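Have a look at the structure below before the remarks.
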Amino acid sequence: MNIIIDDLNGPEVAELLNEHLRDMFAGSPPESVHALDMDGLKKPEITFWSAWENGELLGCGAIKELDGEHVELKSMRTASRHLRKGVAKTILEHILSQAKERGYTRISLETGSQESFEPARKLYERFGFVYCGPFADYELDPYSVFMTKTI
């Protein structure tokens with residue numbers, strides 16, 4: 001698997017992100033969806049990675065700098081054809097390594113509280129993320145779960 005910093009200009013990435021947004025809006029009320037669209041992911045405080053194998057997009061993930069020590073994990077998504085193959089695990093390992101290398105000491109995330117998000121929450125738990133309260137501009141929301149990890 002080859003993980004690269006992506007400029008978000010490829011049609012494969014656009015398709016995966018559109019799928020991600022459709023799923024988020026299908027399972028949560030609009031005010032509880034915090035997934036970023038393409039324009040949101042192109043902001044300077046965001047680094048976006050995509051994972052490829054044999055010319056096929058496997059998944060993606062990003063970090064958003066909150067301050068000089070704290071980043072937020074964003075846009076973790078595995079292409080539906082590649083679920084349960086270790087794609088998310090590999091991308092998350094890469095992102096955590098890159099965040100640490102860049103000098104960040106904390107990484108936090110918001111994910112859904114619904115049953116469909118349980119695999120994601122279990123993955124984050126395995127990597128040492130712990131549940132916490134809202135961070136940055138988030139507020140308590142029954143559709144959101146917040147997690148954080150010291151890196």
Side-chain angles (χ1 to χ4, degrees), residues 3-9 12-51 57-80 82-84 86-151:
I3 300 174
I4 61 167
I5 292 178
D6 199 297
D7 62 10
L8 296 129
N9 288 325
E12 300 92 344
V13 170
E15 183 179 323
L16 183 62
L17 291 172
N18 285 333
E19 175 186 311
H20 181 58
L21 288 170
R22 280 192 306 272
D23 281 358
M24 297 302 102
F25 280 100
S28 302
E31 65 274 8
S32 297
V33 174
H34 303 288
L36 296 174
D37 62 13
M38 192 74 74
D39 289 337
L41 288 167
K42 289 184 177 181
K43 294 191 174 178
E45 65 271 19
I46 305 272
T47 302
F48 181 88
W49 289 272
S50 58
L57 178 61
L58 305 180
C60 62
I63 54 172
K64 175 183 179 182
E65 184 177 82
L66 301 175
D67 62 41
E69 297 179 354
H70 191 189
V71 292
E72 179 182 1
L73 184 67
K74 300 293 291 181
S75 301
M76 282 290 295
R77 182 68 178 200
T78 300
S80 55
H82 298 285
L83 292 171
R84 293 176 230 340
V87 173
K89 175 186 173 289
T90 303
I91 293 171
L92 185 55
E93 287 172 341
H94 181 81
I95 288 173
L96 290 171
S97 170
Q98 290 294 301
K100 186 173 185 168
E101 197 172 289
R102 292 175 182 200
Y104 298 111
T105 59
R106 176 164 302 283
I107 185 166
S108 301
L109 63 92
E110 179 276 338
T111 191
S113 61
Q114 304 90 310
E115 187 177 328
S116 61
F117 290 92
E118 186 173 353
R121 292 191 305 269
K122 294 292 184 196
L123 173 70
Y124 301 135
E125 288 171 3
R126 283 194 307 273
F127 273 83
F129 283 84
V130 295
Y131 292 92
C132 64
F135 60 94
D137 295 332
Y138 290 106
E139 297 180 5
L140 284 176
D141 181 335
Y143 291 92
S144 289
V145 170
F146 306 96
M147 302 177 84
T148 193
K149 174 183 173 63
T150 301
I151 50 176

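FYI, side chains are in, hydrogens and waters are out, and symmetry mates aren't considered; it's all heavy atoms of this structure. This is a predicted model, so every value here is computed, not measured.
Q114 places a side-chain N or O within 3.5 Å of a backbone atom of G27 that can act as its donor or acceptor partner. For the pair K149 (side chain) and F127 (backbone), a donor-acceptor distance under 3.5 Å is present. When atom types are taken as modelled, the side chain of T78 and the backbone of L83 share no donor-acceptor pair closer than 3.5 angstrom.
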Test side-chain hydrogen bond (donor to acceptor under 3.5 Å, both in side chains) on R121 and T111 and set out the steps.
-> CA-CA 8 Å; R121 292 191 305 269; T111 191; 6.0 Å; no
Are R77 and E19 close enough, and set up right, to give a salt bridge (Lys or Arg N to Asp or Glu O under 4.0 Å), and what steps lead you there?
-> CA-CA 9 Å; R77 182 68 178 200; E19 175 186 311; 2.8 Å; yes
Run the numbers on H20 and S75 for side-chain hydrogen bond (donor to acceptor under 3.5 Å, both in side chains), then give the verdict.
-> CA-CA 8 Å; H20 181 58; S75 301; 4.9 Å; no
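Side-chain contact check for R102 versus V71: every heavy-atom pair is 4.5 Å or farther apart. You'll find the side chain of W49 reaches within 4.5 Å of the side chain of I63, heavy atoms only. Side-chain contact between C60 and L16 is present, with heavy atoms from C-beta onward closer than 4.5 Å. Side-chain contact between L36 and K43: absent, with no pair of heavy atoms (C-beta onward) separated by less than 4.5 Å. Looking only at side-chain heavy atoms (C-beta outward), L8 and L17 come within less than 4.5 Å of each other. Side-chain contact between M147 and E125: present, with at least one pair of heavy atoms (C-beta onward) separated by less than 4.5 Å.
Atom CD in E31 sits 7.5 Å away from atom CG in D141 (nearest 0.5 Å). One finds the CZ atom of F117 at 9.5 Å from the OH atom of Y124 (value rounded to the nearest 0.5 Å).
In this pair, F135 and F146 present their aromatic rings perpendicular. The plane angle is above 60°, beyond the 30 to 60° band.
Counting heavy atoms of neighbouring residues, nucleotides and ligands inside a 6.0 Å radius, atom CG of D137 does not exceed 12 of them.
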